[in-house]
Amino acid sequence: MTLGKQTMGMGGLALALVVVAGRTDGQNALPSAPQAPAQQSQQNVPNAPQPQTLPNLNSITPVAAAAPEPAAASSSTDVGPTSDNQIPSEAPSASAQAAAAAQADQDQNPTPPASTRNAENTLRLSVQYHSIPFTVKDSKGRLVPGLTWRDVRVYENGLMQHPVFFTTDSQPLSVALVIDQSVTHDTMEKINASLSALQGAFSPYDEVAVFTYNNGVRKQTDFTAAQSARLGAILERSKGEGRDPLMGMTGPLSHGSIINNQPIDGVTDPGHSAGSLQLTVPREFHTLNDAILAAAQEAASASRDRRRIVYVVSDGKEFGSKASQKEVIKYLLTNNVTVWATLVGDSAIKGVGFLDRIHLPLTMRDDVLPKYTAATGGQTDPEFRPTGIEESFARITDEVRAQYTIGYNTHESPLNESYRRTEVRVLRPGLTIIAKDGYYPNARDNAQRPPPPPPVTPSATP
């Protein structure tokens with residue numbers, strides 16, 4: 001009985017242990033089933049939006065388009081909780097890359113300034129650049145310095161032109177010197193005595209060619225350095241003897257041997273007739289036009305950045321030239337050559353020189369130099385004494401170096417080769433402007449011309 005009770009007690013205890021173990025396993029297994037939806041729902045809940053900083057608007061460059069941003073991750077289960085600085089770091093990195101790319105592109109291809117124009121939207125026209133040197137003097141004949149482009153107006157065929165160049169700087173000179181050897185003997189001595197002072201009037205940057213003329217033109221030398229010993233030797237060789245004035249014989253010696261109104265000397269009077277002794281006076285040849293033309297052709301060969309000058313020392317008489325004065329002036333104006341002159345001899349005397357300008361038909365022209373200098377913008381300096389001729393050399397070179405130069409692009413057609421009248425005005429009262437009256441266009445001088453300096457903008461015409 002007792003054994004049976006013990007057996008029943010042991011079985012009950014084992015059954016209780018089994019029940020307790022099953023409950024324990026059930027408690028551990030049953031709750032695991034509903035945990036999966038809870039965890040999944042917890043993962044599907046999005047994170048709270050993180051604060052973002054706006055990009056700097058000043059760093060946005062509209063030149064280059066922004067690069068496309070990479071696609072975001074489609075599955076939120078693969079992405080863990082984000083940190084505080086992860087989302088803001090994505091936007092600045094994309095804009096920074098775009099800004100860096102735009103900056104690199106701008107460094108390689110810089111944006112042109114607003115003043116320049118692209119070749120696609122630029123209209124190109126054929127224009128002709130022309131420059132005018134001019135001298136300004138006051139009422140007492142003194143040079144006027146200190147003018148600016150605002151004080152000057154330039155007109156062509158009555159239309160005001162827009163200046164693109166203005167300078168007061170002196171240019172190196174290319175001077176073609178013309179010496180008249182057809183003057184009288186006493187005038188030639190004065191020229192010879194003053195030629196030694198001519199070389200000192202030039203600077204080391206100048207060049208000089210020498211021409212002489214009497215019955216014809218002779219070229220003594222091409223362009224050579226103004227301060228060289230060669231030029232001094234050429235000037236010494238260019239000294240002439242002049243000519244003696246020829247006059248018809250009158251008076252007692254003008255007749256042959258005559259007795260009772262009958263000639264008795266057949267040598268002096270081969271016609272055996274009473275009368276005066278007939279002498280054929282040779283004509284005087286003063287080929288000044290040909291000499292100026294030859295000098296102008298030499299000066300036209302100088303470069304465009306030099307001042308082209310024909311400097312004449314003569315009495316201004318002209319007879320026997322093949323070239324006419326009109327043809328020579330046209331060549332001078334076409335090639336932008338200026339004539340300056342020192343007038344010597346009787347023509348330099350006041351009153352006599354004025355009367356010599358009056359030309360009678362079929363006679364020799366006595367003073368043609370003023371017309372050359374006035375047409376080309378130069379000046380004529382009459383000097384009678386040797387010291388005055390020496391001072392004239394230095395005075396003329398000083399005035400050439402003190403000239404102003406204004407340049408513009410003409411509005412006339414390049415196909416128009418007719419004469420173009422020009423005028424330079426200075427907006428100051430009481431001043432005298434010495435400049436050429438016009439010019440003929442020259443295709444050679446306008447071809448391949450370097451671009452002029454930056455344009456100036458003059459004020460409105462008063």
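Under a 3.5 Å cut-off, the side chain of Arg308 and the backbone N or O of Ser174 do not form any donor-acceptor pair. One N or O on the side chain of Tyr419 and one on the backbone of Gly438 form a donor-acceptor pair closer than 3.5 Å. Asn289 contributes a side-chain N or O that, together with a main-chain N or O of Ala323, makes up a donor-acceptor pair within less than 3.5 Å. Not one N or O on the side chain of Asp151 forms a donor-acceptor pair closer than 3.5 Å with the backbone of Leu147. Of the possible donor and acceptor atoms, none in the side chain of Asn214 sits under 3.5 Å from a partner among the backbone N and O of Gly216. Proximity of a side-chain donor or acceptor of Thr376 to a complementary backbone N or O of Tyr372 within less than 3.5 Å is detected. Under a 3.5 Å cut-off, the side chain of Asp206 and the backbone N or O of Leu173 do form a donor-acceptor pair. Counting only distance, with no hydrogens or angles, the side chain of Gln181 and the backbone of Ser238 share a donor-acceptor pair below 3.5 Å. Listed for the Thr187 side chain is no donor-acceptor partner under 3.5 Å among the backbone atoms of Val183.
When the shell of 6.0 Å around CZ of Arg218 is examined, it contains 12 or fewer heavy atoms from other residues, nucleotides or ligands. Other residues, nucleotides and ligands contribute at most 12 non-hydrogen atoms within 6.0 Å of the OH atom of Tyr205. Within a 6.0 Å radius of CD in Glu241, no more than 12 heavy atoms belonging to other residues, nucleotides or ligands are found. Atom NZ of Lys371 has 12 or fewer heavy atoms from other residues, nucleotides or ligands within 6.0 Å. Atom NZ of Lys239 sits in a crowded spot, with more than 12 heavy atoms from other residues, nucleotides or ligands closer than 6.0 Å.
Judged by distance alone, the side chains of Ser228 and Arg230 never bring a donor and an acceptor atom under 3.5 Å apart. Thr212 and Gln220 form a side-chain donor-acceptor contact under 3.5 Å, judged by distance and modelled atom types alone. No hydrogens or angles considered: nothing links the side chains of Thr410 and His130 as a donor-acceptor pair under 3.5 Å. Side-chain contact check for Tyr213 and Ser314: at least one donor-acceptor pair (N or O, by modelled atom type) lies under 3.5 Å. Side chain to side chain, Thr342 and Asp381 fail the donor-acceptor criterion of an N or O pair below 3.5 Å. Of the N and O atoms on the side chains of Glu412 and Asn157, at least one donor lies less than 3.5 Å from an acceptor on the other residue. There is no side-chain donor-acceptor pair under 3.5 Å between Thr224 and Thr221. Thr405 and Arg307 share a donor-acceptor pair across their side chains, judged by distance under 3.5 Å alone. Glu318 and Ser321 share a donor-acceptor pair across their side chains, judged by distance under 3.5 Å alone. Side-chain N/O atoms of Gln379 and Arg395 include no donor and acceptor closer than 3.5 Å. Between the side chains of Glu156 and Thr422, no donor-acceptor pair of N or O atoms lies under 3.5 Å.
Screening residues 172-186 for salt bridge (Lys or Arg N to Asp or Glu O under 4.0 Å) gives no qualifying pairs among residues at least two apart or on separate chains.
The side chain to side chain donor-acceptor pair (under 3.5 Å) test applied to Glu391 returns no partner, not counting sequence neighbours. With sequence neighbours excluded, the residues forming a ring-ring contact (aromatic ring centres under 6.0 Å, His included) with Phe134 are Tyr404, listed by chain and number.
For the pair Tyr440 and Glu417, the tightest heavy-atom approach, listed with the atom from each and the gap, is CD2-O, 4.0 Å. In terms of heavy atoms, Leu333 sits closest to Ala375 at CD2-O, 3.4 Å. Across every non-hydrogen atom of Ser131 and Asn336, the tightest pair is OG-ND2, 4.0 Å. The two residues Gly141 and Lys137 come nearest to each other via the heavy atoms O-CD, 3.5 Å. Here the shortest heavy-atom pairing between Val310 and Ala299 reads CG2-CB, 4.5 Å. Gly232 and Gln199 make their closest contact through CA-OE1, 3.6 Å (heavy atoms, listed as atom of the first residue, atom of the second, distance).
Using a 4.0 Å cut-off between a side-chain N of Lys or Arg and a carboxylate O of Asp or Glu, Glu383 and Lys190 do not qualify as a salt bridge. Between Arg428 and Asp138 there is no salt bridge, since none of the side-chain N atoms of the basic residue sits less than 4.0 Å from a carboxylate O of the acidic one. A salt bridge is absent between Asp437 and Arg421; no separation between the charged side-chain nitrogens and carboxylate oxygens falls under 4.0 Å. Looking at Glu423 and Arg425, a side-chain N of the basic residue comes within less than 4.0 Å of a carboxylate O on the acidic one, giving a salt bridge.
The distance from atom CG of Leu198 to atom CG of Leu177, rounded to the nearest 0.5 Å, is 5.5 Å. If you take OG1 on Thr387 and CZ on Arg385, they are separated by 3.5 Å, rounding to the nearest 0.5 Å.
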Derivation of the side-chain hydrogen bond (donor to acceptor under 3.5 Å, both in side chains) call for Arg150 and Thr148: CA-CA 5 Å; Arg150 295 180 178 86; Thr148 64; 4.8 Å; no

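Ring to ring, Tyr408 and His162 are not that close: their centroids are 6.0 angstrom or more apart.
Ring pair Phe165/Tyr129 is perpendicular by interplanar angle, where above 60° counts as perpendicular and below 30° as parallel.
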